[in-house]
Number of protein chains: 2
Amino acid sequence: MPTRRRRKEARPGEIVEAGLAEFGARGFAAARMEDVARRAQVAKGTVFLYFPTKEALFEAVAARATPLQDDLLAQIESEQGSSLDLLRALLSRLYAAMARPETVALMRIMIMEGQRFPAILESWHRVSVQRAQVMLERIVERGIAAGEIRPGALTALPMVLAGPAVMAALWRITFDPLQPLPIEQFRDAHLDLVTRAFGP
Amino acid sequence: MPTRRRRKEARPGEIVEAGLAEFGARGFAAARMEDVARRAQVAKGTVFLYFPTKEALFEAVAARATPLQDDLLAQIESEQGSSLDLLRALLSRLYAAMARPETVALMRIMIMEGQRFPAILESWHRVSVQRAQVMLERIVERGIAAGEIRPGALTALPMVLAGPAVMAALWRITFDPLQPLPIEQFRDAHLDLVTRAFGP
DNA sequence: GGATTTAATGACTGAGGAGTCAGTAGTGCC
DNA sequence: GGCACTACTGACTCCTCAGTCATTAAATCC
């Protein structure tokens, strides 16, 4: 076995990484700090050197939620592209985010532990969900104003348009081993649905 | 406090009911057998009289997955109703199932513990997911044959059509306390989406 | 090379919870 | 009423795991 090294700077990141994997796989209660330590290639005590409690580590892991890039928002506010093009761009971005294993693990954690740690839900909601909602609403508003989209029950609640992407994400953390989801094909079908609904 | 009663027949059902609530709220690892017992109005030892281990109780709870009624299938196979009508009927049924608290709890359990107990995923997949998929496929096939639906990327993967319903179900077990989902409005928006996509 | 600092270790402690079982009491039979 | 049977109870045992801390050794300074 390799000799131990002192790497004060690198440890916290590596431990959080290991925590993400363990909490994501087992949930907060079932995850064992010793397993986190082993995965981070460190002794159990070392984990507690950087994070005072299991809960503190968990919070650091949960804080990993990366914000959905909202640079599309500027593009939406200006007049570039048709509503359909913007919608396609936004949805493609959702699928790309979803493909990252880190996003999958974080989503699992959010669903599993959201009730016990509401702060996770709140930050994910603020940082990802609400942004996506706002963008969808703007796109649909603009489409209606431009006469590209006919108003109706759907345009009153544009978040419905993201539904299939959410389903795909959930599928990946549940039934994928049983029936793998063809992700590109799924995304294309989703875009086709939106195109049929809003196209000419 | 009331005197204890001997009710050999009623206990198992009551204990499973209590288990559903506890496992659904906390997950397998964090749920405490003593809490299950209290909820079932019984002493801890009594639970072990009927279920030898925590895991055995969990399996009994998970086996509660109620099949999606597939009486629609017959209607689909015959020629009653337009594709759009059948689609609307199927989706409405999904939303109705989703509104039942038992379904919500079971879905939480499936997502939280599916990795540790793959049998849950398998039974839910066989009993609900696959049936819904088959029905969607049949409806779309029939619609194409009847010239009501134009084939494309969407019709190659009709499960995408259920996406928003899945999103609604997931929303209920996550963000609902933060931003309650107007469920009827959501269903109407979903039906509107499908109607726009497949309507005239 | 020796002294000093501190990152890292892992055997240990205490708490909590699954599972046990000797004892209690509800129920039915004579 | 007394007896037999067994559903039910809850204090107890044992084990797992979060968190501790005395000890070890890597790095740095002189």
Side-chain angles (χ1 to χ4, degrees), chain A residues 1-63 109 112-113 115-117 119-120, chain B residues 1-62 109 112-113 115-117 120:
Chain A
M1 66 185 180
T3 41
R4 72 208 219 191
R5 290 287 118 129
R6 308 173 79 185
R7 301 191 303 116
K8 189 180 158 71
E9 283 72 29
R11 297 297 185 209
E14 292 171 5
I15 292 168
V16 167
E17 190 89 2
L20 179 63
E22 290 295 326
F23 288 134
R26 303 206 199 288
F28 178 78
R32 293 165 65 248
M33 291 300 265
E34 191 145 4
D35 291 340
V36 173
R38 181 162 351 161
R39 193 184 278 266
Q41 306 208 57
V42 115
K44 190 177 164 188
T46 306
V47 175
F48 287 94
L49 225 57
Y50 294 99
F51 301 93
T53 62
K54 187 182 186 183
E55 210 164 304
L57 172 61
F58 183 73
E59 269 151 26
V61 167
I109 288 173
M112 288 193 287
E113 309 300 342
Q115 304 238 316
R116 288 177 92 59
F117 303 91
I120 304 173
Chain B
M1 66 183 177
T3 41
R4 74 207 217 189
R5 289 287 120 132
R6 309 174 83 184
R7 302 192 301 115
K8 190 180 159 69
E9 283 71 30
R11 297 297 185 209
E14 290 171 6
I15 292 168
V16 167
E17 190 86 5
L20 178 63
E22 290 295 326
F23 288 134
R26 303 204 199 288
F28 178 77
R32 294 164 65 248
M33 290 300 265
E34 191 145 4
D35 291 341
V36 173
R38 182 163 352 164
R39 192 184 279 265
Q41 305 207 60
V42 115
K44 191 177 164 189
T46 305
V47 175
F48 286 94
L49 225 56
Y50 293 99
F51 301 94
T53 62
K54 187 182 185 181
E55 210 163 303
L57 172 60
F58 183 74
E59 269 151 27
V61 168
I109 288 174
M112 289 193 287
E113 309 299 343
Q115 304 239 316
R116 289 178 93 58
F117 303 92
I120 304 173

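Quick note on labels: first sequence line is chain A, next is B, and so on, each numbered from 1.
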Distances under 3.5 Å between protein N/O atoms and the N/O atoms of nucleotides 27-30 of chain D, please, pair by pair.
from: D/dA27; atom 1: O4'; to: A/R6; atom 2: NH1; distance (Å): 3.3

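- Atom CG in A/L49 sits roughly 18 Å away from atom P in D/dT23 (whole-Å rounding).
- In this structure, B/L20 CG and B/I109 CD1 are separated by 5.0 Å, a value rounded to the nearest 0.5 Å.
- With sequence neighbours left out, the salt bridge (charged side-chain N to carboxylate O under 4.0 Å, His left out) criterion links B/R39 to B/E22.
- The list of ring-ring contact (aromatic ring centres under 6.0 Å, His included) pairs with a residue in residues 11-56 of chain A, not counting sequence neighbours, reads A/F23-A/F28, A/F23-A/F58, A/F28-A/F58, A/F28-A/F117.
- At whole-Å resolution of the value, CD in A/E14 and P in C/dA7 are 15 Å apart.
- Side-chain nitrogen and oxygen atoms of A/Y50 include at least one within less than 4.0 Å of the OP1 or OP2 phosphate oxygen of C/dA8.
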Tell me, for nucleotides 11-18 of chain D in 5' to 3' order, what letter each nucleotide earns: B for a base near a protein heavy atom under 4.0 Å, S for only sugar-phosphate near one, - for neither? ------SB
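- Across the protein-nucleic acid pair, B/R7 atom CZ and D/dT9 atom C1' stand 16 Å apart, rounded to whole Å.
- Residue pairs meeting the salt bridge (Lys or Arg N to Asp or Glu O under 4.0 Å) criterion with at least one partner in residues 47-60 of chain A, sequence neighbours excluded, do not occur; the list is empty.
- Proximity of residues 16-24 of chain B to DNA chain C (heavy atom under 4.0 angstrom from any strand atom) is not detected for any residue.
- For the pair A/Q41 CD and C/dT9 P, the interatomic distance rounds to 10 Å; values are reported in whole Å.
- Residues that satisfy the side-chain contact (heavy atoms from CB on, under 4.5 Å) test with B/Q115, not counting sequence neighbours, are A/R108.
- Not counting sequence neighbours, the partners of A/A10 by the side-chain contact (heavy atoms from CB on, under 4.5 Å) test are A/R7, A/E14.
- Closest non-hydrogen pair, A/I15 versus A/L57, comes out as CG2-CD1, 3.9 Å.
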Could you give the side-chain donor-acceptor pairs of residues 29-37 of chain A under 3.5 Å, partners two or more places apart or in another chain?
from: A/R32; atom 1: NH1; to: A/D35; atom 2: OD1; distance (Å): 2.9
from: A/R32; atom 1: NH1; to: A/D35; atom 2: OD2; distance (Å): 3.0
from: A/D35; atom 1: OD1; to: A/R38; atom 2: NH2; distance (Å): 3.4

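- Between the CZ atom of A/F51 and the C1' atom of D/dT20 there is a distance of 18 Å, rounded to whole Å.
- Scored by the salt bridge (charged side-chain N to carboxylate O under 4.0 Å, His left out) test, B/R5 finds no partners at all (sequence neighbours excluded).
- Rounded to whole angstrom, the span from the CD atom of B/E55 across to the P atom of C/dA18 amounts to 13 Å.
- Atom CD in B/Q41 sits 9.0 Å away from atom CZ in B/R11 (nearest 0.5 Å).
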